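Here the structure is laid out as structure tokens; the discussion comes afterwards.
As the structure is a prediction and not an experimental result, all values here were calculated from the model.
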Amino acid sequence: MNDEVKKRTSYLFDGVESTLQNTDPEWVDIVANFSQNETIAANKLTEKEQMLCILSALLGCQGMGEFQNMLHAALGMGIDPIAIKEVIYQATAYLGIGRTYDFLAATNQIMEQHGIKLPLAPQATTNEKTRFEDGLTKQVELFGSNMAKRQTDGPVLRRNINRWLADNCFGDYYTRNGLKDQERELITFCFILAQGGCENQLRGHTAGNFGVGNDKEKLYSVVEQCMPYIGYPRSLNAMNIIDEVSEKMENQ
């Protein structure tokens, strides 16, 4: 581990306890040099975008231990706790309660260790009466008028889930304050790329990212920054989909 990496890891992970430096120093050197030096040097994202994307990818691949490490780092860097909480809240729509519950509990413990008073300020902008209409409006805004047609023209057996996509996924989550649309689409892209097996949804949210101004180069940088935490196969898979969707949209 070179001096620059030692300096960065000391800054990021101050107070984080780990026995791996004693038991597996070679592994620690390899991953630290790569994830905190080589890939960082290629980063084209803002510091906030980078950290939110990494946390989202770790949620997606269920990397609890490293999520806790990177959460300590993110809070130490001054990343807004509200933005971090919004990542976990929104992950519930894409990963499910079963895969987000423990992460939320762990996040609360770490935030309290950092002196952050909970609960944080409310970020909801909808209620039971408005969540469907506001969610559908946001869905159409981001993905086009066909989203509204699904409520009336979609298959009968999908009527429930199409309604839930509007009132729950978009009405309960995407309408919240704390993150911009561009940031919400970035983290959604990371949830999906990291969990794997959701290629059609990854195509849809690649197009969604393009629609809110996150271009091909930016998405490539997102994948590069997440790659140390999720591995090469899912990263290369995501890059193939970015290329595919980009080419399709260019030829329209």
Quiz item: With no hydrogens and no angle check, do the side chains of Gln90 and Arg184 hold a donor and an acceptor under 3.5 Å apart?
Solution: yes
Quiz item: Quick check: are there more than 12 heavy atoms from other residues, nucleotides or ligands sitting under 6.0 Å from CD1 of Ile161?
Solution: no
Quiz prompt | Interatomic distance, Leu193 atom CG to His205 atom NE2 [nearest 0.5 angstrom] | solution = 12.0 Å
Quiz prompt | Presence of salt bridge, Lys117 and Glu112, under 4.0 angstrom | solution = no
Quiz prompt | Close side-chain approach of Gln225 to Cys53, heavy-atom, < 4.5 Å | solution = no
Exercise. Applying side chain to side chain contact (heavy atoms under 4.5 Å, CB included), run through Cys61 and Tyr229 and close with a yes or a no.
Key: CA-CA 8 Å; Cys61 72; Tyr229 306 93; 5.5 Å; no
Quiz item: Heavy atoms, side chains only, cut-off 4.5 Å: are Val140 and Asn146 in contact?
Solution: no
Quiz item: Minimum heavy-atom separation for Pro81 to Ile116, with atom names?
Solution: CG-CD1, 3.6 Å
Quiz item: Between Met111 and Ile84, is any pair of side-chain heavy atoms under 4.5 Å apart?
Solution: yes
Quiz item: What is the distance from atom OH of Tyr89 to atom CZ of Arg176, rounded to the nearest 0.5 Å?
Solution: 6.0 Å
Quiz item: Between Glu49 and Lys218, does at least one N-O distance fall below 4.0 Å, as a salt bridge requires?
Solution: yes
Quiz item: Taking atom CD of Gln201 and atom CD1 of Ile241, what is their separation to the nearest 0.5 Å?
Solution: 10.0 Å
Practice problem: Answer yes if Leu165 and Met147 sit in the same cluster of Ile, Leu, Val, Met, Phe, Trp and Tyr residues linked by side chain heavy atoms under 4.5 Å apart, and no otherwise. | Solution: no
Quiz item: So, do Gln109 and Leu71 sit near enough that their side-chain heavy atoms are less than 4.5 Å apart?
Solution: no
Exercise. Go through the steps for Phe170 and Leu136 under the test side chain to side chain contact (heavy atoms under 4.5 Å, CB included), then give the verdict.
Key: CA-CA 7 Å; Phe170 285 87; Leu136 185 58; over 6 Å; no
Exercise. Return yes if some donor-acceptor pair links the side-chain N/O of Asn162 with the main-chain N/O of Gln151 below 3.5 Å, else return no.
Key: no
Self-check item: Gln123 versus Ile82, closest heavy-atom pair with distance
Solution: NE2-CD1, 3.4 Å
Quiz item: So, Asn168 versus Asp172: side-chain donor-acceptor pair below 3.5 Å or not?
Solution: yes
Quiz item: CD/Gln21 to CG/Asp29 distance, rounded to the nearest 0.5 angstrom?
Solution: 6.0 Å
Exercise. Would you mind checking if Glu183 and Lys180 are paired as a salt bridge, meaning a charged N to carboxylate O distance below 4.0 Å?
Key: no
Quiz item: Does CZ belonging to Phe34 count more than 12 external heavy atoms closer than 6.0 Å?
Solution: yes
Self-check item: side-chain contact (heavy atoms from CB on, under 4.5 Å), paired with Tyr174, selected from Glu185, Gln139, Glu141
Solution: Glu185
Quiz item: Is it true that the side chains of Gln195 and Arg234 contain a donor and an acceptor less than 3.5 Å apart?
Solution: no
Practice problem: Indicate, with yes or no, if the rings of Phe67 and His72 have centres closer together than 6.0 Å. | Solution: no
Quiz item: Are Ile30 and Ile40 connected in a single hydrophobic cluster, I mean Ile/Leu/Val/Met/Phe/Trp/Tyr linked by side-chain heavy atoms less than 4.5 Å apart?
Solution: no
Practice problem: Treat each ILVMFWY residue as a node, draw an edge where side-chain heavy atoms are under 4.5 Å apart, and state whether Val223 and Phe210 are in one component. | Solution: yes
Quiz prompt | For the student: nearest non-hydrogen atoms of Leu59 and Ala91, plus distance | solution = CD1-CB, 4.0 Å
Quiz prompt | Check: Asn37 and Arg8 side chains under 4.5 Å, non-hydrogen atoms | solution = no
Practice problem: Could you go through the side chain to side chain contact (heavy atoms under 4.5 Å, CB included) check for Leu118 and Lys85 one step at a time? | Solution: CA-CA 11 Å; Leu118 301 175; Lys85 272 291 185 81; 3.9 Å; yes
Quiz item: Going only through I, L, V, M, F, W and Y residues with side-chain contacts under 4.5 Å, is there a path from Ile54 to Leu104?
Solution: yes
Quiz prompt | Nearest non-hydrogen partners of Leu179 and Val87, listed with the distance | solution = CD1-N, 4.3 Å
Quiz item: Within the side chain of Asn214, is there an N or O that forms a donor-acceptor pair under 3.5 Å with the backbone of Gln182?
Solution: yes
Practice problem: Please name the residue in the list Asp181, Thr175, Thr126 that meets the side chain to side chain donor-acceptor pair (under 3.5 Å) test with Lys138. | Solution: Asp181
Quiz item: Would you say Arg150 has more than 12 foreign heavy atoms packed within less than 6.0 Å of its CZ?
Solution: no
Practice problem: Only counting residues at least two apart or in another chain, list the ones meeting side-chain hydrogen bond (donor to acceptor under 3.5 Å, both in side chains) with Asn127. | Solution: Thr130
Self-check item: Cys169 and Tyr94: CA distance, side-chain angles, deciding distance, side chain to side chain contact (heavy atoms under 4.5 Å, CB included) verdict
Solution: CA-CA 8 Å; Cys169 185; Tyr94 293 93; 3.4 Å; yes
Exercise. Mind listing the closest non-hydrogen atom pair of Phe143 and Gly204 along with its distance?
Key: CE2-O, 3.5 Å
Quiz item: Measuring from Leu45:CG to Cys226:SG, what's the distance to the nearest 0.5 Å?
Solution: 8.5 Å
Quiz item: Under 3.5 Å, is there a donor-acceptor pair between the side chain of Ser10 and the main chain of Lys7?
Solution: no
Practice problem: Measure the shortest side-chain to side-chain distance between Gln62 and Phe103 over non-hydrogen atoms and say whether it is less than 4.5 angstrom. | Solution: yes
Quiz item: Does any donor atom in the side chain of Tyr101 or Thr92 lie under 3.5 Å from an acceptor atom in the other side chain?
Solution: no
Quiz item: Should the pair Asp243-Lys216 be classified as a salt bridge under the 4.0 Å nitrogen-to-oxygen rule?
Solution: yes
Quiz item: Do any N or O atoms from the side chain of Ser221 and from the backbone of Lys44 form a donor-acceptor pair under 3.5 angstrom?
Solution: yes
Quiz item: Does any non-hydrogen side-chain atom of Leu186 lie less than 4.5 Å from one of Val222?
Solution: yes
Self-check item: Side-chain heavy atoms of Ser18 within contact of Phe13, under 4.5 Å
Solution: no
Quiz item: How far does CG of Asn237 sit from OH of Tyr232, to the nearest 0.5 angstrom?
Solution: 16.0 Å
Quiz item: Looking only at heavy atoms, which two atoms of Glu86 and Gly178 are closest? And how far apart?
Solution: CG-CA, 4.2 Å
